> 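Once you've had a glance at the structure underneath, I'll fire off some questions.
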2 protein chains.
Amino acid sequence: MGELTIRTMEDFAAASGVSRPTVSKYFHDPGSVRKSTRERIEAALEQYDYRPNIYAMNQNRQLTKSVGIMVPYLADPVFAEIARTLERRCIEAGFHATLFSSHGERKLESEALNDLRSLRPSGVLLAPLGRSSDRDHIARFCEEVPTVLLDRNIAGIGEAFVGSDNKSFVSQSVDYLTRTGEPPCFFEMRNPGNPNSLARHRCYIEAMESHGLEPMLVQVEGEGWNLEEIGYQGGMRALQDRSFPTDTVLCSNDRLAIGLLAACYEKGLRIGRGSGCALRVAGHDDHPYSRFTCPSLTTVAHEYDLVSDCGAETLFRLIEAGGRFDDRTETLFSARLVLRASA
Amino acid sequence: MGELTIRTMEDFAAASGVSRPTVSKYFHDPGSVRKSTRERIEAALEQYDYRPNIYAMNQNRQLTKSVGIMVPYLADPVFAEIARTLERRCIEAGFHATLFSSHGERKLESEALNDLRSLRPSGVLLAPLGRSSDRDHIARFCEEVPTVLLDRNIAGIGEAFVGSDNKSFVSQSVDYLTRTGEPPCFFEMRNPGNPNSLARHRCYIEAMESHGLEPMLVQVEGEGWNLEEIGYQGGMRALQDRSFPTDTVLCSNDRLAIGLLAACYEKGLRIGRGSGCALRVAGHDDHPYSRFTCPSLTTVAHEYDLVSDCGAETLFRLIEAGGRFDDRTETLFSARLVLRASA
DNA sequence: GAAGCTTTTTGTCACGCGTAAAATTGTTAT
DNA sequence: ATAACAATTTTACGCGTGACAAAAAGCTTC
């Protein structure tokens with residue numbers, strides 16, 4: 001068969017017996033051409049598996065039909081899960097999703113933002129680094145690209161924010177622990193790199209004071225995102241120095257708690273709320289593995305799915321609204337206490 | 001200041017007092033223009049923060065300076081870590097990396113491959129789903145795009161393969177366990193979804209037979225990528241039914257082992273190699289959390305970093321070689337036994 | 001200061017498709 | 001059958017850049 005290879009839309013249009021603009025229209029919206037025409041195009045499509053050049057398409061299109069997703073650290077299971085859910089929602093909504101990670105570094109976040117901007121996406125779902133973000137850079141970015149902020153709020157930046165209410169996280173855990181035993185001390189990094197740590201720090205202090213109790217902080221050293229290791233090392237030291245002021249430890253997040261539990265196990269400490277237990281340990285986030293720690297970890301669930309779904313929905317509404325909202329909405333999801341064996 | 005907005009390279013060239021082709025050359029390789037010219041361009045660059053239109057650029061470029069990275073499941077910490085390392089290597093080498101995940105589904109893998117192809121990348125690092133991949137689809141993809149296969153080999157497909165030697169994984173664990181106690185039974189999924197499970201299954205049988213021992217399989221039910229849960233449920237059942245034929249359990253991968261350890265803990269079983277321990281448990285991969293299980297997990301390390309580095313290097317060589325190698329090389333890294341407390 | 005080389009300019013074509021307007025064809029209702 | 005309308009084709013232009021060739025300008029070296 002003397003079929004010459006199909007390279008351009010021109011070629012393909014000729015092969016399918018339809019004009020090029022009609023083919024173009026078909027790819028823009030298959031429902032916009034007559035049924036008989038659509039069938040001819042789709043028949044040719046199977047025969048030649050032609051795909052339009054994405055670069056040439058986007059060069060002149062006003063609506064790119066692509067969205068960017070950016071998270072602070074993709075190797076963190078919580079963000080990996082959020083990114084996974086977001087990507088699926090975008091694909092289902094007919095968008096092409098491009099995934100970016102800041103790798104925990106300010107510089108890389110800014111660079112990724114630049115790359116993202118040059119993709120000219122219809123919209124962006126951005127979970128910023130937070131404290132170490134280049135605030136001005138993000139602000140400028142958000143002025144050019146319709147952006148929904150996720151997980152970590154930055155006041156006044158972006159068209160909307162969707163995340164969890166840190167206050168509800170910490171107040172629930174503090175309330176529960178105080179009600180069922182000794183009030184908790186707070187186990188955290190001295191210089192945290194992940195977004196919500198500082199907010200939780202404040203919320204812990206607030207929650208304790210609202211109970212008329214003195215806040216007790218146990219701060220561990222360490223840099224970066226290797227949180228289990230930091231929790232483990234800090235836990236070992238704290239146990240050796242007997243620097244836990246109570247028998248109840250509330251960890252800033254589950255990853256620190258996982259490290260602390262490992263340290264406790266190594267020290268032969270029994271963890272849990274029964275008699276004969278030396279320590280109660282609780283965390284925050286409902287990390288995918290907190291279900292499988294030994295003992296299983298009592299924690300406060302970060303409702304990934306709700307946040308992701310709502311974030312995606314908000315972005316789609318934003319895109320339909322032309323990229324701007326009249327006023328900036330902030331949607332906060334309450335946390336959900338998950339009782340397990342460790343506290 | 002009557003500065004009109006800079007939109008095109010033409011505008012920018014005028015604003016910087018240089019001709020447009022020179023600006024184009026600068027973006028292609030800043031070192032290719034004279035120093036004084038470079039400085040003028042860079043001065044203008046700071047003033048106007050112009051960035052060339054990426055779509056218009058790639059429309060005519062033969063070499064896109066972008067690479068695609070694709071993994072089976074981004075929410076799996078092992079693949080998240082591999083993806084993270086690969087992305088950094090690519091950025092360091094001056095490429096723009098685009099990340100894709102198959103989300104564990106054959107259909108999504110094929111679709112992502114189509115999207116990836118239409119990006120016309122210089123090269124692709126592909127860790128395929130394996131058993132559930134659409135082999136023909138991948139083969140066709142690899143004929144069009146220079147591809148290095150990672151982690152999971154598919155015979156004859158792609159220009160090169162870089163991964164770990166499953167035989168060295170399993171033989172090391174079997175040897176060690178057999179040498180220091182009872183020979184291990186093999187704890188695995190009956191219908192595994194992740195890439196290397198079947199290979200490890202075969203290697204276990206081979207290793208046992210080479211010792212003149214009868215292979216003992218403990219297969220658990222379950223679908224998908226929620227491996228800890230599957231290991232936990234399967235472990236609970238096996239412990240109740242007393243279906244572990246020996247006191248030594250070798251898990252197909254660490255995630256199953258993490259679930260099994262949680263089940264053992266809940267059953268009150270002591271794990272480890274000391275006297276007074278009911279069971280020894282070991283895994284494969286050196287999962288990022290295997291260090292923090294209770295007890296810490298004896299395992300065989302998957303050398304992520306070596307595989308990632310070598311994979312990236314191989315791809316860069318491939319790209320420089322014009323996209324084809326004369327013969328298909330397969331690089332296997334040996335595993336490294338990691339002794340911890342659980343076995 | 002002139003030869004010899006490198007860099008830059010200028011000009012032109014190509015890339016693959018979006019988009020608009022006008023002309024034509026096809027479809028449906030009357 | 002004819003009008004009225006919708007879908008399609010034709011025609012033509014534009015998008016922002018890469019690639020190339022030839023001419024002009026700049027720099028280095030002796």
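We name chains A, B, ... by the order of the sequence lines, and we start the count at 1 in each one. Computation of the quantities below employed the complete heavy-atom set of this structure, encompassing side-chain atoms and omitting hydrogens, waters and symmetry-equivalent molecules. From a predicted model like this one, the values you see are computed outputs, not experimental measurements.
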> Could you check which of C:dC17, D:dC15, D:dA19 has an atom nearest any side-chain atom of B:Arg20?
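Nearest nucleotide to the side chain: D:dA19.
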> Taking only the side-chain heavy atoms of B:Pro21 (C-beta and beyond), determine which of D:dC15, D:dT9, C:dG11 contains the nearest atom.
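For B:Pro21, the side-chain atoms sit closest to C:dG11.
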> Can you sort out which residues in residues 24-42 of chain A have a heavy atom within less than 4.0 Å of DNA chain C? Ascending by number, please.
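The answer is A:Ser24, A:Arg34.
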> So A:Thr8, base contact, sugar-phosphate only, or nothing? Heavy-atom distance under 4.0 Å.
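Sugar-phosphate contact only - A:Thr8 comes under 4.0 Å of backbone atoms but never of a base.
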> For the side chain of B:Ala56, starting at C-beta, report the closest nucleotide among D:dT8, C:dT10, D:dG16.
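Shortest atom-to-atom distance from the side chain points to D:dG16.
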> Is there side-chain contact between A:Leu74 and B:Arg84, with heavy atoms separated by less than 4.5 Å?
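A side-chain contact is absent here, since even the closest heavy-atom pair is not under 4.5 Å.
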> Quick check on D:dT9: is either OP1 or OP2 less than 4.0 Å from any side-chain nitrogen or oxygen of A:Thr22?
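Indeed, a polar side-chain atom of A:Thr22 lies that close.
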> Can we say A:Arg324 and A:Glu143 salt-bridge, meaning some charged N sits less than 4.0 Å from an Asp/Glu carboxylate O?
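Looking at A:Arg324 and A:Glu143, the cut-off is not met.
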> What is the distance, rounded to the nearest whole Å, between atom CG of B:Asn58 and atom C1' of C:dC17?
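It is 15 Å, rounded to the nearest whole Å.
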> Would you please confirm or rule out a distance under 4.0 Å between OP1 or OP2 of D:dT17 and any side-chain N or O of B:Tyr50?
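Checking D:dT17 against B:Tyr50, a side-chain N or O does come within under 4.0 Å of OP1 or OP2.
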> How are the rings of A:Tyr50 and A:Phe12 set relative to one another: parallel (under 30°), tilted (30 to 60°) or perpendicular (over 60°)?
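Because their plane-to-plane angle is under 30°, the rings of A:Tyr50 and A:Phe12 count as parallel.
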> Measure from the side chain of B:Asn53, starting at C-beta and using heavy atoms only, and say which of D:dG16, C:dT9, D:dT9 lies closest.
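Selected nucleotide (nearest to the side chain): D:dG16.
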> Check this for me: does any side-chain nitrogen of one of B:Arg328 and B:Glu330 sit under 4.0 Å from a carboxylate oxygen of the other?
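Here B:Arg328 pairs with B:Glu330 in a salt bridge, since their nearest N and O are under 4.0 Å apart.
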> Among D:dA19, D:dG16, C:dG18, find the nucleotide with the atom closest to the side chain of A:Asn60.
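So the nucleotide nearest the side chain must be C:dG18.
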> Keeping the roles fixed (side chain from A:Thr22, backbone from A:Val18), state whether a donor-acceptor pair exists under 3.5 Å.
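Flag not set: sc A:Thr22 to bb A:Val18 has no pair under 3.5 Å.
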> Treating A:Arg38 as the side-chain partner and A:Tyr26 as the backbone partner, does any N or O pair qualify as donor plus acceptor under 3.5 Å?
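Not confirmed, A:Arg38 side chain does not pair with A:Tyr26 backbone.
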